[in-house]
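Reviewing the structure listed below.
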Amino acid sequence: MTDDTRPLVRYAVADGVATLTLDSDHNRNALSRRLIRELLDAVDRALAEDAVRVLLLDHVGRVFCAGADLAETAAAREAGEVPAGDMPALLAALWDAPKPVVARVGGAARAGGLGLIAACDLVVAARDATFAFTEVRLGVIPAVISAPVLRRLPSRAAAELYLTGDTFDGSRAAALGLLTAAVPADELDATVERYVSSLVRGAPGALAGAKALLHGGPPIRPELDALAELSGSYFLSAEGREGVAAYREKRAPRWVPPGRD
């Protein structure tokens, strides 16, 4: 049981840094509608506060973010709805934020959790943290998160990771450009603090201008909205239903050949 009144995203400001902490350990910080909404509200709040110069995305527990909340996904599908409808708005808010956004990743990230990582400006992870684009194994595709992710990954690496769903570690994620740095777990906090300390020394207007230079090109929000429609078609498909059901029942999906499960 969980306390429905307790926030799933904690918010605190100190020394120019707004820390937004994913605090939904009971489901491995999965992207439920409520968590997405609370995180989006926290981002908006941080951007509105003049005292905030940097946003820091943090988490509790051993998992940074497990991706979609599959229990909620199954319920939404039965109602003919697309789950996590605010995900495009959240990714756009992180990507387009005029203030630097840093992520501290001390544990695993899967699927949509990698979308959060890709949307942040700087990401520091524990070297032994693991990552995977697991969508195809659930009968869906990494559609919405592709808007920021494919701006970070080389195309050949993206093909491998999207199509296999295989797990990779922090060192490889950093080498591919998905992370800024992968460090030993006991150096994670100190490394994050070094980056944050450097960022708060930048002039706010200049930082916003530098981000605009870095993100030059087509706006990300229209792409996110188009990808959300594509994503919905897969979540509502027969394969999507079977994939989520198999995962929850701890069995191989029906499309896996005998001897490969």
Side-chain angles (χ1 to χ4, degrees), residues 2 4-11 20-24 26-48 55 57 59 63-97 101 103 109-120 132-151 162 218-245 247-248:
T2 60
D4 289 338
T5 65
R6 182 182 64 80
L8 300 183
V9 177
R10 290 192 274 113
Y11 184 90
L20 288 53
T21 304
L22 305 182
D23 190 6
S24 186
H26 71 281
N27 68 351
R28 303 183 301 163
N29 296 319
L31 293 166
S32 63
R33 287 178 174 173
R34 184 177 156 206
L35 185 143
I36 292 172
R37 185 70 249 172
E38 289 187 20
L39 183 53
L40 183 54
D41 288 346
V43 171
D44 290 342
R45 178 179 174 184
L47 296 180
L55 283 65
L57 182 57
H59 66 101
V63 175
F64 172 73
C65 178
D69 184 324
L70 293 184
E72 189 176 272
T73 295
R77 193 180 277 127
E78 291 307 311
E81 301 170 353
V82 177
D86 284 330
M87 192 65 175
L90 173 58
L91 294 179
L94 292 170
W95 183 267
D96 291 333
V101 184
R110 299 288 185 270
L114 287 161
L116 295 183
I117 286 171
C120 294
F133 296 95
T134 53
E135 287 88 346
V136 293
R137 298 189 180 191
L138 297 174
V140 297
I141 61 174
V144 175
I145 66 170
S146 285
V149 167
L150 295 183
R151 286 167 163 81
Y162 271 31
I220 200 171
R221 185 57 196 266
E223 182 180 351
L224 285 163
D225 290 338
L227 289 170
E229 290 190 28
L230 177 64
S231 176
S233 69
Y234 280 85
F235 271 106
L236 296 173
S237 70
E239 284 187 349
R241 292 173 185 274
E242 166 61 11
V244 172
Y247 180 86
R248 298 184 70 195

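Bear in mind that the values here come from a model prediction, so they are computed numbers and not experimental data.
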V149 vs F133 side-chain heavy atoms within contact, under 4.5 Å
yes
Determine whether more than 12 heavy atoms belonging to other residues, nucleotides or ligands lie under 6.0 Å from atom OH of Y247.
no
Hey, are the side chains of P222 and D225 touching, using non-hydrogen atoms and a 4.5 Å cut-off?
no
Let me see the working for F64 and L57 under side-chain contact (heavy atoms from CB on, under 4.5 Å), right down to the final yes or no.
CA-CA 10 Å; F64 172 73; L57 182 57; 3.9 Å; yes
Show, in sequence, the C-alpha distance, side-chain angles and deciding distance for L150 and Y162, and conclude whether the side-chain contact (heavy atoms from CB on, under 4.5 Å) test is met.
CA-CA 11 Å; L150 295 183; Y162 271 31; 3.7 Å; yes
side-chain contact (heavy atoms from CB on, under 4.5 Å) for D23 and V9? Distances and angles first, verdict last.
CA-CA 5 Å; D23 190 6; V9 177; over 6 Å; no
Hey, what do you get for OG (S24) to CZ (R34), rounding to the nearest 0.5 Å?
8.0 Å
Given side chains that start at C-beta, do those of L94 and V43 come closer than 4.5 Å, heavy atoms only?
yes
If you look at every heavy atom in L91 and G115, which pair is closest and at what distance?
CD2-O, 3.5 Å
Please find the pair of heavy atoms, one from V63 and one from R28, that lie closest to each other, and give the distance.
CG1-O, 3.6 Å
Search all heavy atoms of L35 against all heavy atoms of A30 and return the closest pair with its distance.
CD1-O, 3.7 Å
Separation between CG of L39 and CG of N29, rounded to the nearest 0.5 Å
10.5 Å
Between Y11 and T21, is there a side-chain donor-acceptor contact under 3.5 Å, judged purely by atom types and distance?
no
Flag the pair D41 and R45 as a salt bridge only when some basic side-chain nitrogen lies within less than 4.0 angstrom of an acidic carboxylate oxygen.
no
Just do the salt bridge (Lys or Arg N to Asp or Glu O under 4.0 Å) check on E38 and R10 with the steps written out, would you?
CA-CA 9 Å; E38 289 187 20; R10 290 192 274 113; over 6 Å; no
If only atom types and distance count, is the side chain of S231 paired as donor or acceptor with the main-chain N or O of L227 below 3.5 Å?
no
Considering only heavy atoms from C-beta outward, does the side chain of R110 approach that of C65 to under 4.5 Å?
no
Verdict with supporting geometry, I145 and E135, side-chain contact (heavy atoms from CB on, under 4.5 Å):
CA-CA 11 Å; I145 66 170; E135 287 88 346; 3.6 Å; yes
Over all atoms of both residues, closest heavy-atom pair of S32 and D69
CB-OD2, 3.6 Å
Closest non-hydrogen contact found for M87 with L116 is CE-CD2, 4.2 Å
Relative to W95, does R151 satisfy both conditions: NZ or CZ under 6.0 angstrom from the six-membered ring centre, and within 45 degrees of the ring's axis?
yes
Is the backbone of Y234 close enough, under 3.5 Å, to the side chain of E239 for a donor and an acceptor to pair up by distance?
no
L55 versus V101: any side-chain heavy-atom pair under 4.5 Å?
yes
Check R37 against D86 and note the closest heavy-atom contact, atom names and distance.
NH1-OD2, 3.5 Å
